[in-house]
Amino acid sequence: MSEVKDPAQSLPVVRSAPALTAPSEPATPSADINAPELYIHRELSQLQFNIRVLEQALDESYPILERLKFLLIFSSNLDEFFEIRVAGLKKQITFAREQTGPDGLQPQQVLSKISELAHQQVGRQYAILNDVLLPQLAEKGIRFVRRYQWTHKQTLWVRRYFRQEVAPVISPIGLDPTHPFPLLVNKSLNFIVQLEGTDAFGRDSGLAIIPAPRSLPRLIKLPDELCEDGGDAFVFLSSMIHAHADELFPGMKVLGCYQFRLTRNADLIVDPDEVDDLARALRGELLSRRYGDAVRLEVADNCPKPLTDFLLKQFGLSEAELYEVNGPVNLTRLFAITTLENHPELQFPPFSPGIPKLLSSADNLFQAISKQDILLLHPYESFSPVVDLLRQAAQDANVLAIKQTLYRTGANSEIVNALVDAARNGKEVTVVIELRARFDEESNLQLASRLQQAGAVVIYGVVGFKTHAKMMLILRREDKVLRRYAHMGTGNYHAGNARLYTDYSVLTSDLALTEDVHKLFNQLIGMGKTLRMKKLLQAPFTLKKRLLELINREALAAQAGKPAQIIAKVNALTDAKIIKALYKASQAGVKIDLIVRGMCCLRPGIPGVSHNINVRSIVGRFLEHSRVYYFLNEGQEQVWLSSADMMERNLEKRVETCFPLEGKKLITRAKQELQVFLTDNTQSWILQPDGSYVRSNPSGNQLARSAQSALLDKLGNSPQRTVSV
């Protein structure tokens with residue numbers, strides 16, 4: 001690979017620049033909001049988000065291991081992007097089912113653009129790793145020792161380790177008519193070996209494959225006594241195999257050994273019209289995920305072209321789907337070193353989430369929630385009150401029933417433990433588990449079995465509609481009256497994610513809202529017509545229609561000369577009808593600020609169309625995951641929290657909830673927290689009309705402002721401080 005002195009120079013589509021304000025242009029109501037040039041293709045926008053993640057690896061304000069983590073998250077994100085997004089586009093072409101969105105691009109055009117951008121960024125990723133991060137890690141005492149750097153003692157140790165721990169579990173496969181090319185597992189590490197000579201049976205095909213068992217660690221730490229300069233030294237498994245490949249083929253001459261990795265289609269297909277047992281159908285599909293159609297081939301960049309051509313032919317891929325990399329092909333295995341216990345100074349400092357005073361001083365959470373709705377913003381505020389409420393319900397003699405949805409949580413989580421205890425304690429426990437939560441299907445099957453064994457009633461939602469709503473309902477007898485308590489949130493019931501993702505939780509005993517939650521559970525569990533809700537919005541029935549009405553209400557206010565404003569914070573904005581409604585609102589004069597972490601198909605700043613719309617993406621220590629919708633409503637401000645993004649699949653093909661914040665105190669707080677994101681000038685990226693993103697920087701004598709740091713300072717806990725609600 002050619003030397004890259006400044007990795008940032010090779011990225012023309014993402015650049016650092018002062019924050020820009022959308023130009024104020026007169027509205028042109030006649031502008032055609034259906035024009036394809038007003039829309040960004042969703043997959044290209046998703047790839048742009050992954051690039052913003054990669055950019056964090058160059059941010060020197062982060063500790064070095066955190067920068068490495070961002071680089072590895074880029075790899076993980078890109079894997080899923082190819083497994084799902086690219087695979088889906090290829091499938092459309094294969095089966096002649098090409099679909100075009102509002103942007104008008106055909107799947108083949110999108111694949112071509114993806115290939116160009118992905119190749120550029122993968123090359124840039126390895127340049128950042130080799131030229132920036134690895135040298136800086138070495139300065140901090142963390143070294144990756146390459147074969148040519150091994151000392152004599154290290155060489156002897158590696159040889160012994162290889163013979164004792166690696167060689168016994170490797171099964172090299174010679175290629176000949178009786179040993180055809182093996183079926184390789186998705187994203188597994190493999191080596192293609194060029195051989196010379198004839199084996200014991202007279203075979204001389206000249207080629208072999210070495211699959212690296214997944215049970216083997218990809219990074220092996222050298223003993224401290226072999227690290228002459230102190231610190232930590234690691235050897236790649238691939239280096240060990242390269243160095244000792246000849247031992248796997250005795251009597252043969254190894255001419256070359258080159259690592260490669262195949263990415264396959266990993267999307268699960270379950271036809272709702274042909275499924276009578278969803279759990280059984282999914283168990284069958286999980287195995288096929290490992291062996292789906294090939295979509296990408298990664299090889300070492302020193303692999304000879306005849307061998308790469310051979311591999312491409314085996315997998316039915318074109319040269320455009322070949323990625324030659326200068327380093328390990330399976331970078332995600334480096335995650336193991338990003339949490340080294342002996343290097344805390346190279347990681348983000350630990351923090352303690354805050355707990356509202358009303359909850360920290362309460363012995364009985366039901367009493368606290370009965371007094372007022374409680375709003376929590378994770379991870380700045382602790383997720384433990386949600387878990388503690390469920391634990392308390394499991395032990396409370398007055399609690400009769402618990403109903404809960406689970407999308408991602410883990411079979412052995414605290415939430416599941418509490419549900420198991422509740423069921424064993426005689427509570428009526430009903431859990432709606434979404435088995436099809438992508439890449440969590442196996443875990444969800446396990447937790448479903450565990451809950452059923454404990455006596456809980458387990459429902460798998462509605463076939464054809466993923467249950468993505470986050471809600472818990474507790475029915476408790478108080479003074480001979482049944483009272484409902486509910487938790488609703490924008491994130492999953494996963495305590496680990498609650499320390500990494502930003503999400504809102506609301507604990508409430510509001511009569512109307514908890515009744516709505518009860519109705520929705522009955523709708524999911526039983527059968528019947530759509531039930532009328534008093535406060536709760538739900539997809540796929542009322543949420544999208546109501547969002548369009550709320551946007552249009554602001555447009556009508558602006559047309560009448562009244563102040564009008566919309567602020568929305570979501571993970572993605574792709575729904576064409578929502579985008580068109582926002583364009584019309586912009587034309588009417590509504591001030592619109594959108595905080596969109598990932599995909600955004602709307603183009604802001606287009607004169608006469610979106611000149612009143614600003615779009616920013618926040619990328620930082622925590623994954624921005626909360627969904628918040630704010631409407632000025634002629635001074636009667638409204639804030640809605642939701643499990644749903646502004647995407648077609650969320651609004652039309654999923655069971656989602658959207659619920660109002662009530663009371664001036666909570667509404668004001670949520671609006672203020674949105675404003676914190678709108679004033680961020682260090683971790684925000686501003687979407688430009690051409691689809692590129694510009695990173696905000698403090699200009700002039702502006703103070704640097706990080707939304708996540710500000711919220712951590714405000715809401716996080718210290719030994720001497722609690723946070724008032």
Side-chain angles (χ1 to χ4, degrees), residues 21-31 33 372-373 375 488 490 504 506 508 510 512-513 516 532-539 541-570 573 575 577-596 602 604-605 608-616 626-642 644-646 651 657-679:
T21 302
S24 179
E25 298 281 349
T28 309
S30 60
I33 61 173
Q372 64 182 73
D373 288 355
L375 180 66
M488 304 188 73
T490 66
Y504 277 108
V506 169
T508 182
D510 179 86
L513 191 55
D516 285 349
R532 185 178 182 84
M533 305 290 179
K534 295 178 180 178
K535 293 184 177 180
L536 191 70
L537 304 178
Q538 58 167 322
F541 304 115
T542 60
L543 176 52
K544 184 171 181 176
K545 179 182 178 183
R546 184 58 177 153
L547 281 176
L548 291 170
E549 290 173 350
L550 293 170
I551 294 169
N552 185 57
R553 185 180 65 187
E554 295 299 314
L556 292 174
Q559 288 173 348
K562 301 174 183 177
Q565 184 181 12
I566 297 171
I567 306 173
K569 183 176 183 296
V570 292
L573 169 57
D575 187 282
K577 289 185 178 179
I578 296 289
I579 292 174
K580 289 175 184 178
L582 291 170
Y583 281 157
K584 290 179 180 179
S586 169
Q587 290 175 325
V590 181
K591 183 181 186 306
I592 303 171
D593 287 296
L594 304 176
I595 307 162
V596 186
L602 176 151
V609 178
S610 56
H611 51 285
N612 285 313
I613 304 178
N614 290 306
V615 179
R616 65 178 55 222
S626 55
R627 293 92 166 188
V628 188
Y629 303 115
Y630 166 87
F631 301 93
L632 181 57
N633 189 28
E634 298 188 29
Q636 301 298 311
E637 297 172 305
Q638 288 187 340
V639 173
W640 298 79
L641 304 181
S642 183
D645 288 306
M646 291 177 165
L651 301 176
T657 57
C658 185
F659 48 97
L661 279 185
E662 297 187 317
K664 184 174 179 59
K665 193 174 184 179
L666 293 187
I667 291 173
T668 300
R669 173 188 163 179
K671 181 183 178 183
Q672 289 173 345
E673 288 167 355
L674 287 173
Q675 292 293 343
V676 172
F677 288 103
L678 296 179
T679 57

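This chain uses plain numbering: 1 for the first residue, then up along the sequence. Because the structure is a prediction, the values reported are computed rather than measured.
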Would you say that Leu536 contacts Met488 through its side chain, given a criterion of any heavy-atom pair below 4.5 Å between the two side chains?
yes
Within the structure provided, determine whether Leu651 and Lys577 are in side-chain contact (heavy-atom separation under 4.5 Å).
no
If the condition is side-chain contact (heavy atoms from CB on, under 4.5 Å), which residues does Thr668 pass it with, not counting sequence neighbours?
Lys664, Gln672
Can you run down the salt bridge (Lys or Arg N to Asp or Glu O under 4.0 Å) pairs that involve residues 579-592, sequence neighbours left out, and say none if there aren't any?
Lys591-Asp593
So which heavy atom on [X] is nearest to which on [Y], and how close?
X: Val590; Y: Asn612; result: O-CB, 3.2 Å
X: Ala644; Y: Leu543; result: CB-CD2, 3.7 Å
X: Glu637; Y: Ile667; result: O-CD1, 3.6 Å
X: Tyr629; Y: Cys658; result: CD1-SG, 4.2 Å
X: Leu641; Y: Leu375; result: CD1-CD1, 3.9 Å
X: Leu594; Y: Ile592; result: CD2-CG2, 3.7 Å

Verify, without hydrogens or angle tests, whether Thr542 (side chain) and Gln538 (backbone) share a donor-acceptor contact under 3.5 angstrom.
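Here the side-chain-to-backbone pair exists.
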Polar side-chain atom of Thr490 near backbone of Ser642 as donor-acceptor pair, under 3.5 Å:
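The answer is no, because no donor-acceptor pair under 3.5 Å joins these two groups.
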Worked check of side chain to side chain contact (heavy atoms under 4.5 Å, CB included) between Lys535 and Phe659:
CA-CA 7 Å; Lys535 293 184 177 180; Phe659 48 97; over 6 Å; no
What residues, two or more places apart in sequence or in another chain, satisfy ring-ring contact (aromatic ring centres under 6.0 Å, His included) together with Tyr583?
Tyr39
Not counting sequence neighbours, which residues clear salt bridge (Lys or Arg N to Asp or Glu O under 4.0 Å) with Asp645? List them please.
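Here the qualifying residues are Arg627.
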Supply the atom-to-atom distance [X] [atom1] to [Y] [atom2], rounded to the nearest 0.5 angstrom.
X: Lys534; Y: Asp510; atom1: NZ; atom2: CG; answer: 9.5 Å
X: Leu547; Y: Asp575; atom1: CG; atom2: CG; answer: 9.5 Å
X: Arg553; Y: Glu549; atom1: CZ; atom2: CD; answer: 9.5 Å
X: Phe631; Y: Leu550; atom1: CZ; atom2: CG; answer: 4.5 Å
X: Met533; Y: Phe541; atom1: CE; atom2: CZ; answer: 9.0 Å
X: Leu573; Y: Ile578; atom1: CG; atom2: CD1; answer: 8.0 Å

Which atom pairs, donor and acceptor, lie under 3.5 Å between side-chain atoms of residues 554-569 and protein residues at least two apart or in another chain?
{"residue": "Glu554", "atom": "OE1", "partner": "Gln565", "partner atom": "N", "Å": "3.1"}
{"residue": "Glu554", "atom": "OE2", "partner": "Asn633", "partner atom": "N", "Å": "2.7"}
{"residue": "Lys562", "atom": "NZ", "partner": "Glu634", "partner atom": "OE1", "Å": "3.2"}
{"residue": "Lys569", "atom": "NZ", "partner": "Glu624", "partner atom": "OE1", "Å": "2.8"}
{"residue": "Lys569", "atom": "NZ", "partner": "Ser626", "partner atom": "OG", "Å": "2.9"}

How would you list, by chain and number, every residue that makes a side-chain hydrogen bond (donor to acceptor under 3.5 Å, both in side chains) with Tyr504, sequence neighbours excluded?
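Result, side-chain hydrogen bond (donor to acceptor under 3.5 Å, both in side chains) vs Tyr504: Glu673.
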